[in-house]
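All heavy atoms count here, side chains included; hydrogens, waters and symmetry mates do not. So you know, we letter chains A, B, ... as the sequences are listed, proteins then strands, and number each from 1.
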Amino acid sequence: MPTLEKAYDARAVEDRWYARWESHGAFRGKIEAGKDPYCVMIPPPNVTGMLHMGHILNNTLQDIFVRRARLEGKAALWFPGTDHAGIATQTRVERKLRESGRTRHDLGREAFLEEVWQWKEEHGGIILNQLRKLGASCDWERTSFTLDAGYSRAVLTAFVHLFKRGYLYRGLRMSNWCPVSQTALSNEEVIMKPQKGTFYKMRYEIVERPGEYLQISTTRPETIMGDVAVAVHPEDERYRDLVGLHVWRPFPRASIPIIADEAVQRDFGTGALKVTPAHDQVDFEIGKRHDLPIVDVLNPDGTINQECGGPFGGMERFAARKAAAKLLEEQGNLVETQPYENMVGYSERADVPVEPRLTMQWWLRYPKVEEAKRAVLDGQLRFHPKRWEKTYLHWLETMERDQIDWCVSRQLWWGHRIPVWYRRGINREELDFSDPDQVHVSVEGPPDPENWEQDSDVLDTWASSWLWPFANFGWPDAGAEGSELRYFYPTSTLVTGFDIIFLWVARMVIAGLEFMGEEKEKLDADDIERRIPFRDVYITGLIRDAKGRKMSKSLGNSPDPLDLIGRFGADGLRFGIVNIAPSGQDILFSEDRIEVGRHFCNKLWNAARFRQMNGEVLENSSMESVTGRLAGASLTVYDHWILSRLVAVTAEVERCFKRFEMHAYPHALYEFFWSDYCDWYVEASKSRLKDEGTRGVVLAVQDLVMRQFLLLLQPITPFIADELWTSLGYAREDGFLNDEAIPTADQLKEAIEKVAGPLNGAAAEEVAGVQELISRMRAMKAEYAVASRRDVSFFVLADATCRRVLSQHEETILSLAQVGALEYVDIRPDSMPAAVTGLGTVFLDVAKAIDVGAERERLGKELIKLEKGIQAGQAKLSNPRFVESAPDAVVSGARDQLAATRAKYDEIRKLLASLPPSD
RNA sequence: GGGCGCGUAGCUCAGUUGGUUAGAGCGCCAUCUUCACACGGUGGAGGUCCGCAGUUCGAAUCUGCGCGCGCCCACCA
């Protein structure tokens with residue numbers, strides 16, 4: 001058995017253990033007869049991504065759930081993989097090409113895709129190795145990728161099904177266009193941001209009344225060329241007589257009608273709206289209602305086009321805005337400008353304003369929205385913390401009410417190409433999608449490909465990752481009785497951030513409901529139960545810096561997780577980050593806040609070291625072999641107390657997992673181990689360790705505590721747990737903590753009581769009394785500046801009952817309070833500082849004259865505190881309604897407390913009276 | 001405009017069916033290098049639980065109003 005070093009060195013331990021785990025296949029998830037399945041699907045990181053703090057928190061929590069499940073005897077599987085991340089990855093490779101002066105179009109589709117695959121081979125999967133450093137217990141042999149052949153087949157199959165079931169359609173609609181990525185985006189990929197700009201008030205001359213003008217406000221004068229009408233509210237008195245007339249559009253000069261439409265807000269701006277159907281959703285709808293032409297003035301890259309762009313053809317859109325304003329001014333048509341801030345949609349990826357643009361896209365009408373809501377309302381799918389259920393439901397309700405469809409096509413090359421073929425030579429504008437001679441939709445493609453042309457778009461990445469929970473198990477081919485899909489699906493817990501509840505979580509639920517079973521229009525409760533992709537969703541907060549700012553590259557406030565692992569240890573980082581994560585709120589990160597994790601590991605390490613130094617490690621390979629050493633032994637009150645606390649902390653951890661209160665989990669571990677075990681139990685048992693006759697019992701208790709504690713701890717700090725598991729002799733031959741079963745609180749209690757008899761329920765109270773006494777004695781020593789002296793004595797004034805307790809604990813008291821002797825007295829010694837405790841009054845023998853004034857003040861302060869307590873207690877107990885209505889336990893508790901407080905109060909009064917008069 | 005949440009010690013947060021005289025970590029002050037651990041021990045200072053009103057025998061906890069802050073959703077150009 002190697003001796004442990006003085007300070008814990010995580011580096012020396014962690015890599016070694018991970019390699020052992022992996023080579024022994026410790027994380028392999030498989031069907032195990034008689035065991036309950038437990039499956040976590042990793043939220044697939046972008047294949048070219050790097051580990052950031054969000055991943056650390058998220059994946060630590062997943063690992064905690066999975067490792068705990070293993071200890072609870074479940075067949076656990078953590079399924080890893082990466083996401084092809086269409087826009088992000090394609091953009092990266094295009095950027096690289098641009099460095100050598102090329103674009104993807106120079107290469108052509110096929111050659112470009114080869115380039116991307118090449119990039120993926122070189123740079124993909126770095127993040128997976130980083131997760132190994134963190135200790136993630138993924139089943140790496142399964143590592144999935146959303147563009148793998150099998151996965152792609154699932155994606156295309158889903159598309160074909162949805163098309164055949166009538167949920168997918170192609171349509172010319174207003175969509176969010178990113179001029180940088182040059183593709184359409186879904187609403188969820190557009191982020192609204194406040195943008196400072198200008199509000200331009202301008203005037204259009206009325207055609208039928210030369211010299212008269214209509215004033216119009218806009219933030220976008222660069223789209224004037226696309227104006228096809230001016231709209232006012234039908235009930236707006238100011239403009240009623242103008243409806244039906246025309247105004248002159250200033251450039252290119254043209255006569256456009258003044259129309260009335262209810263979509264116009266009378267009290268906004270001038271109450272007259274320029275209508276640009278090609279570049280605004282509202283305008284588009286007004287255009288439809290009034291049968292207006294559509295004039296598109298933009299190119300796909302956001303520049304103004306030559307055909308309709310009038311004088312600004314070729315200009316970049318924001319330059320054109322300024323130029324248009326200038327031209328208005330020159331024409332005398334600009335009435336005034338004012339600074340203005342409005343919300344503008346930005347492309348999430350490219351971080352530029354998106355353009356509402358009329359384009360031909362594939363749209364998905366969401367199926368099973370009603371069922372997705374019911375899954376949560378009926379409690380089959382649970383969010384933790386629960387309040388996120390409202391966010392989820394709210395989004396689904398909006399989708400349903402406003403019939404918002406999902407734009408699933410992207411004008412990219414990197415992704416799943418849409419499995420739709422159009423017969424060559426047919427006008428694409430007038431296709432009949434129900435005619436298989438014109439449009440072919442299948443996974444395999446048409447049998448005569450030479451006569452067809454495939455849709456050039458690919459699918460939104462989220463339209464592949466929404467199948468993640470079942471596509472990874474081989475759907476649509478798998479699903480037979482006895483298959484992994486049957487065994488592990490629905491998966492157990494999903495851990496993710498609230499930012500993708502819409503993008504991913506809700507859509508996975510919908511996909512599960514739609515595909516995990518026979519095609520069915522309406523689902524009943526049993527169907528929902530079987531089809532949902534997971535039962536529990538644990539939502540994490542966002543990691544921010546210490547000032548509450550989002551972490552970002554540009555701020556440079558995002559620490560490198562690998563660097564942190566190097567300095568704190570993966571265990572230290574894991575413990576630290578979970579320890580500071582409040583329940584479902586954002587997390588303010590700073591290094592000194594996670595230091596506690598490293599310190600805790602070191603404390604644990606040294607406690608194990610202390611155990612090692614005090615006696616040979618004995619046969620410890622099962623709980624019974626440890627408890628067996630307690631048989632027939634006489635346990636002290638401290639033993640009873642710490643073993644009761646061990647049972648209690650085991651129950652507390654069980655509660656944390658059951659209720660998904662993961663912030664309370666490290667707190668419970670920390671407090672038990674540091675305060676109860678190290679500060680009190682280990683310290684109090686030191687004297688018994690020096691005695692041959694009692695050492696064995698103490699070591700057995702320590703071994704039992706450490707064993708159970710390592711099992712409780714392993715999910716959060718797996719490396720050090722396994723290291724100590726082995727060095728303290730708990731490991732079976734070549735085994736891991738990973739393979740062990742954790743005793744439940746009930747099992748632990750039963751095992752202890754079987755050999756040692758019932759645990760003493762009153763031990764806690766007795767220990768608390770001794771702890772109070774010791775603390776008071778230490779405090780007095782510190783106040784009188786004799787803290788470092790061990791030869792001071794205390795006099796004790798106590799009744800017979802207390803004396804009996806004190807004498808039983810005398811050795812502990814002397815050693816923990818660092819006192820030479822306790823001397824029992826029957827009368828109050830004069831002129832000594834004193835403290836009143838539940839076990840009697842203690843007097844510090846300072847062996848010199850005390851400062852009477854200071855002592856009087858000290859006691860006086862305490863008297864005031866006690867007085868307040870007495871008043872509160874009296875007020876309560878003299879109220880008959882309290883005595884009648886409060887539970888008996890509360891009333892008797894209040895009585896006991898009042899009595900104890902009174903006793904202390906009286907004793908202090910006597911102490912004060914016994915002090916000599918201060919002059 | 002609609003929705004969600006937060007306000008407790010200098011800082012970050014616990015406090016889950018209302019029940020003793022409100023807690024932790026960090027920071028701060030003092031003290032100790034005593035044979036597990038200075039990544040440590042011991043002691044201490046520090047709080048009108050945002051405010052007001054209400055319900056109750058009893059409120060940090062429940063209700064209402066107000067103040068301050070954060071986030072999400074949303075087509076007022």
Taking atom C1' in both B:rA74 and B:rG66, compute the distance separating them and give it to the nearest angstrom.
27 Å
Give me the distance, rounded to whole Å, that separates B:rU16 from B:rA60 when you measure between the C1' atoms they each carry.
14 Å
For A:H394 and B:rA74, give me the distance from atom NE2 to atom P, rounded to whole Å.
10 Å
Check this one for me: any side-chain N or O of A:K686 less than 4.0 Å away from OP1 or OP2 of B:rA36?
yes
Is A:D227 paired with A:R249 through a side-chain N to carboxylate O contact shorter than 4.0 Å?
no
With a 4.0 Å cut-off on heavy atoms, is A:A779 in touch with a base, just the backbone sugar-phosphate, or nothing at all?
sugar-phosphate
Assign A:P887 to base, sugar-phosphate, or nothing according to its heavy-atom contacts below 4.0 angstrom with the strands shown.
base
Under 4.0 Å between any heavy atoms, over every strand shown, what does A:E595 touch: base, sugar-phosphate, or nothing? Just pick one.
nothing
Just compare B:rC39, B:rA77, B:rC57 and give me whichever is closest to any side-chain atom of A:N342.
B:rA77
Atom-to-atom span, NZ of A:K288 to C1' of B:rC75 - whole angstrom:
13 Å
Mind checking if A:V275 touches a base, just sugar-phosphate, or nothing, with heavy atoms under 4.0 Å?
nothing
From B:rG5, B:rA77, B:rA36, nucleotide with atom closest to A:V264 side chain:
B:rA77
Under-4.0 Å side-chain N/O to phosphate OP1/OP2 contact, A:S775 with B:rG43:
yes
What does A:D679 touch in the nucleic acid at a heavy-atom separation under 4.0 angstrom: a base, only the sugar-phosphate, or nothing?
sugar-phosphate
Between A:W674 and B:rC37, is there a side-chain N or O to OP1/OP2 distance below 4.0 Å?
no
A:L588 or A:V890: which one's nearest nucleotide on RNA chain B is closer to the 5' end?
A:L588
Counting side-chain heavy atoms from C-beta on, which of B:rC13, B:rU16, B:rG19 comes nearest to A:A886?
B:rG19
Looking at A:E355 and A:R220, is there a salt bridge between them, counting it only when a charged N and a carboxylate O are closer than 4.0 Å?
yes
Any salt bridge linking A:K904 with A:E772? Criterion: basic side-chain nitrogen under 4.0 Å from a carboxylate oxygen.
yes
Measuring only the C1' atom in each nucleotide, how far is B:rU61 from B:rG15? A whole number of Å is fine.
9 Å
Expressed as a whole number of Å, how far does the C1' atom of B:rG44 sit from that of B:rG27?
14 Å
Ignoring backbone atoms, test whether A:R778 places a side-chain nitrogen or oxygen under 4.0 Å from the OP1 or OP2 oxygen of B:rG43.
yes
Paired nucleotide for B:rC71 [Watson-Crick or G-U wobble; both distances under 3.5 Å]:
B:rG3
Between P on B:rA77 and CZ on A:R321, what's the gap in Å once rounded to a whole number?
12 Å
When the distance from CG of A:L816 to C1' of B:rU34 is rounded to whole Å, what number comes out?
13 Å
In terms of side-chain heavy atoms, does A:E285 have a donor or acceptor partner in A:Q281 at a distance below 3.5 Å?
yes
Would you kindly check whether a donor in the side chain of A:K603 faces an acceptor in the base of B:rC37, or vice versa, at under 3.5 angstrom?
yes
Rounding to the closest angstrom, what is the interatomic distance between B:rG70 and B:rU31 at atom P?
43 Å
Can you find an N or O donor on one side and an acceptor on the other, under 3.5 Å apart, linking the side chain of A:S590 with the base of B:rU12?
no
Distance, rounded to the nearest Å, where A:L604 contributes CG and B:rC37 contributes P:
15 Å
Using a heavy-atom cut-off of 4.0 Å across all strands, would you classify A:K876 as base, sugar-phosphate, or nothing?
sugar-phosphate
Regarding the side chain of A:C678, the nearest nucleotide among B:rA36, B:rC72, B:rA77 is B:rA36
If you measure from the P atom in B:rU63 to the same atom in B:rC6, how many Å do you get, rounded?
11 Å
A:K690 and A:E811 ion-paired at < 4.0 Å:
no
Looking at B:rU12, B:rU34, B:rC4, which one has an atom nearest to any side-chain atom of A:R387?
B:rC4
OP1 or OP2 of B:rC76 sitting under 4.0 Å from any side-chain N/O of A:Q281?
no
If the cut-off is 4.0 Å, is A:H599 near the phosphate of B:rG40, judged by side-chain N/O to OP1 or OP2?
yes
Taking atom P in both B:rU55 and B:rU17, what distance in whole Å separates the two?
24 Å
By the 4.0 Å heavy-atom rule, please label A:T276 as base, sugar-phosphate, or nothing.
nothing
Answer for the Watson-Crick or wobble partner of B:rU17, both distances under 3.5 Å, is none
Of A:E661 and A:E683, the one whose nearest nucleotide on RNA chain B sits closer to the 5' end is A:E661
Students often get this wrong, so: under 4.0 angstrom with heavy atoms, is A:K6 touching a base, only sugar-phosphate, or nothing?
sugar-phosphate
Scan A:N879 against the nucleic acid and name what it touches under 4.0 Å (heavy atoms): base, sugar-phosphate only, or nothing.
sugar-phosphate
Within the structure, does a side-chain N or O atom of A:K781 lie under 4.0 Å from either OP1 or OP2 of B:rC32?
no
To the nearest Å, how far apart are A:R655 CZ and B:rU17 C1'?
13 Å
When you measure from the side chain of A:Q585, which nucleotide among B:rA36, B:rG25, B:rC13 comes out closest?
B:rC13
Report which part of the nucleic acid A:M343 touches: base, sugar-phosphate, or nothing (heavy-atom distance under 4.0 Å, all strands).
base
Atom-pair distance (CG on A:D592; C1' on B:rA24), nearest Å:
16 Å
Counting any heavy atom closer than 4.0 Å, what does A:N614 reach on the DNA or RNA strands: base, sugar-phosphate only, or nothing?
nothing
Inspect the surroundings of CG in A:D402 and state if more than 12 heavy atoms from other residues, nucleotides or ligands are less than 6.0 Å away.
yes
Please work out if A:L273 contacts a base, only the sugar-phosphate, or nothing of the nucleic acid, heavy-atom cut-off 4.0 Å.
base
For B:rC69 versus B:rG46, give the span between their P atoms, rounded off to a whole number of Å.
31 Å
Does the gap between the ring centers of A:W605 and A:Y8 come in under 6.0 Å?
yes
OP1 or OP2 of B:rC4 under 4.0 Å from side-chain N/O of A:K386:
no
Rounding to a whole Å, what distance do you find between A:R544:CZ and B:rC6:C1'?
13 Å
Quick check on A:R655: does its CZ atom have over 12 non-hydrogen neighbours (other residues, nucleotides or ligands) under 6.0 Å away?
yes
Which nucleotide in B:rU12, B:rA36, B:rC6 has an atom nearest any side-chain atom of A:F610:
B:rA36
Mind checking A:R611 for me? I need base, sugar-phosphate or nothing, with any heavy atom below 4.0 Å counting as a touch.
nothing
base_contact_polar (B:rU56 base, A:R881 side chain, donor-acceptor, <3.5 Å)
no
A:R778 with A:E683: basic N within carboxylate O range, under 4.0 Å
no
Listed nucleotide nearest any side-chain atom of A:N602, set B:rC39, B:rA36, B:rA14
B:rC39
Would you call A:E595 and A:R598 a salt bridge, using N to O less than 4.0 angstrom?
yes
Could you check whether A:Y340 gets within reach of a base, just the sugar-phosphate, or nothing at all, counting any heavy atom under 4.0 Å?
sugar-phosphate
